[in-house]
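Reckoned from all heavy atoms, side chains included, excluding hydrogens, waters and symmetry mates. Numbers restart at 1 for each chain; the letters A, B, ... are given by sequence-line order, proteins then strands.
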2 protein chains.
Amino acid sequence: MDRQLVDVVRRFNRTVTQRVGALDDSYLARDRPLAQSRLLWEIGPAGAEVAALRTRLDLDAGYLSRLLRTLEGAGLVVVGPTGGDGRVRSARLTEAGRAEWDLLDRMSDELAWSMLAPLRDGQRGRLVSAMAEVERLLMASLVTIEVCPPSDPRARACLRAYVGELDERFESGFAVTVGDDDHELVPPAGVFLVATLATEAVGCGGLRLSPGEPVEIKRLWVSRSVRGLGVGRRLLDELERRAAAAGADAVHLDTNRSLTEAIQLYRSAGYHEIPRYNANPYAHHWFAKRLDGVAGPN
Amino acid sequence: MDRQLVDVVRRFNRTVTQRVGALDDSYLARDRPLAQSRLLWEIGPAGAEVAALRTRLDLDAGYLSRLLRTLEGAGLVVVGPTGGDGRVRSARLTEAGRAEWDLLDRMSDELAWSMLAPLRDGQRGRLVSAMAEVERLLMASLVTIEVCPPSDPRARACLRAYVGELDERFESGFAVTVGDDDHELVPPAGVFLVATLATEAVGCGGLRLSPGEPVEIKRLWVSRSVRGLGVGRRLLDELERRAAAAGADAVHLDTNRSLTEAIQLYRSAGYHEIPRYNANPYAHHWFAKRLDGVAGPN
DNA sequence: CATGATTGCTGACTTTAGTCAGGCATTTCC
DNA sequence: GGAAATGCCTGACTAAAGTCAGCAATCATG
């Protein structure tokens, strides 16, 4: 833990977070309680399901219901059943609610501009790019990686996205059904990891540990929304650590020639190309890495 | 208003402020209400005067008093008279309070580190310097400048700091009592501006408009805490604008040779040195600037 | 179609936050 | 020395935020 770095982060958390946060809140709450404004804002012009609002705002179901009732009473929102499932209800803005939302939107613009206005041009540009950098890297650091069975909804979402993307990128397409080899990726025959940002699954990766065969990394995927933030590298590291912990002294993997970022990642992570070791029709490159230097469990 | 820049700022406000802010709060509030923790934290190992806490946390006197009573009841804090003024009371941490504070401090470290830990070295450095940049520039943009009579407490604080600093920096000392020429800096004989960051006065500057004498800028001062952020430049601009609005076609000012940053500021703002025009015993340099190019009101 | 799980709503709370007027002790200013 | 100002405290509020248990409707499933 580096004292100097930590001090900067703490100072940042303290001043920026609190000060800007307070400003933001005071702009949002125009005579109405803050929670109501936030809710109104979160519903948005497109409307939203009650359950989605609950998770996004992290509110108690009862409290949220009451807030919705209040907004409904004020004529800003209508709540009603929407589609297939009759239990699920959606909130939509009325015309008045939409007007109010537009107002909040404009005020949010004004607040943002008020932070830029007092600065000179050079400073403005520097502030904005520093903000973008902070946001990007903070997102990266809020990604957590954990074990997750491939049958879990978050894992399914990742695998669907994985297959969809490969099907789109491979010249030959990618005709594999999700779930066909799930059994391979649950202990003790393997392990499956999912990377999560807040509540969204943004990456995954699996390890196959079949006795007598080389330990193999499979299904490594990172969502476009967080690509370039090192999530793939972290997944790879974690998979290697687990392979080493399981006694493997090397890991193998294969990949398609269209996945250039992945190939680059493997090379920079210390993988070297080896001859074909399986019959995967979609593979063009086969890699391996010795695990001598990889730390064990942790 | 630049759409692109505003969008980045809004995105930043939304994700960083809310996400990090919420994290921060949840770390701070360990079973105790948030306001109490914040207060305990703000008192700190060195203790603090009640009035200082009130302005720093921007709390109602009654509410603050009650919070202090609660912390006192919990044996974490003692409040009592401290020094000269018997009305002023100070809060200090008891041993238990200090232990609690240390805990908060450690947890704050951990939170900060948890934001850095998942990143690689290069990313860490980039995040930290971007954070420092955001903090600096945001502070700069949160500084507001307004007219304020020199008798106002915030103005007095600035003037006291101004005189104190000059007394320390001038080779000859600076034996001037605050308030001697207050009458010169209230309309219509002049104007006095104060720069404020949140609740703290961080800079000031005055304009003297005596008929028959050159319009003169006086008492320009910027707190060390925000120096280098362009606050001096903004004060100077605003004073020039007001001078122009009052019909002046030039402004004068004098300064001491030890105030090198100020001299640099004047030069870069378009001031040029002129011969001595007054009998100020503390002045070594005299400057003037024509106001042809300066926009009128606003 | 019976069962159990989900989803959302309501009533009845508690806690936290924040405000306001009045009061007392002390200090400062004529 | 007395009036005004300052700093803090207390009592009596209100409003907002959050929690919990129970209920009713709906859906998936065998």
Here the distance between atom P of C/dC9 and atom CG of A/L53, to the nearest Å, is 11 Å
Can you tell me how far C1' of D/dG7 sits from CZ of B/R54, to the nearest Å?
-> 7 Å
Min side-chain heavy-atom separation A/R10-B/D105 under 4.5 Å = yes
Rounding to a whole Å, what distance do you find between B/L39:CG and C/dT16:C1'?
-> 15 Å
Whole-Å gap separating P (C/dT7) and CG (A/L64) = 14 Å
Please assess B/V194 against B/V202 for the test side chain to side chain contact (heavy atoms under 4.5 Å, CB included), listing each intermediate value before the final yes or no.
-> CA-CA 8 Å; B/V194 167; B/V202 293; over 6 Å; no
Throw together a table of side-chain donor-acceptor distances under 3.5 angstrom for residues 51-62 of chain A, partners on residues two or more places apart or in other chains.
from, atom 1, to, atom 2, distance (Å)
A/T55, OG1, A/A52, O, 3.0
A/R56, NH1, A/E42, OE2, 3.1
A/D60, OD2, A/G62, N, 2.7
A/D60, OD2, A/Y63, N, 3.0

Starting at the 5' end of nucleotides 17-30 of chain C, put B wherever the base has a protein heavy atom under 4.0 Å, S where only the sugar-phosphate does, and a dash everywhere else.
-> SBB------BS---
So does A/R89 get a side-chain nitrogen or oxygen closer than 4.0 Å to the phosphate oxygens (OP1/OP2) of C/dT7?
-> no
Under 4.0 Å between a Lys/Arg side-chain N and an Asp/Glu carboxylate O for B/R227 and B/E165?
-> yes
Nucleic acid contacts - residues 16-32 of chain B versus DNA chain D, non-hydrogen atoms under 4.0 Å = none
Kindly indicate whether the side chain of B/R242, heavy atoms from C-beta on, has any atom under 4.5 Å from the side chain of B/L193.
-> yes
Main-chain N/O of B/L138 paired with B/S141 side-chain donor or acceptor, under 3.5 Å | yes
Atom CG of A/D58 and atom C1' of D/dA17 are separated, to the nearest Å, by 13 Å
Counting distance only, does the side-chain N/O of A/S37 pair as donor-acceptor with the main-chain N or O of A/L34 below 3.5 Å?
-> no
Quick one: which of D/dT10, D/dG7, C/dT7 gets closest to the side chain of B/V88?
-> D/dG7
B/R38/B/D25 ion pair, N-O < 4.0 Å = yes
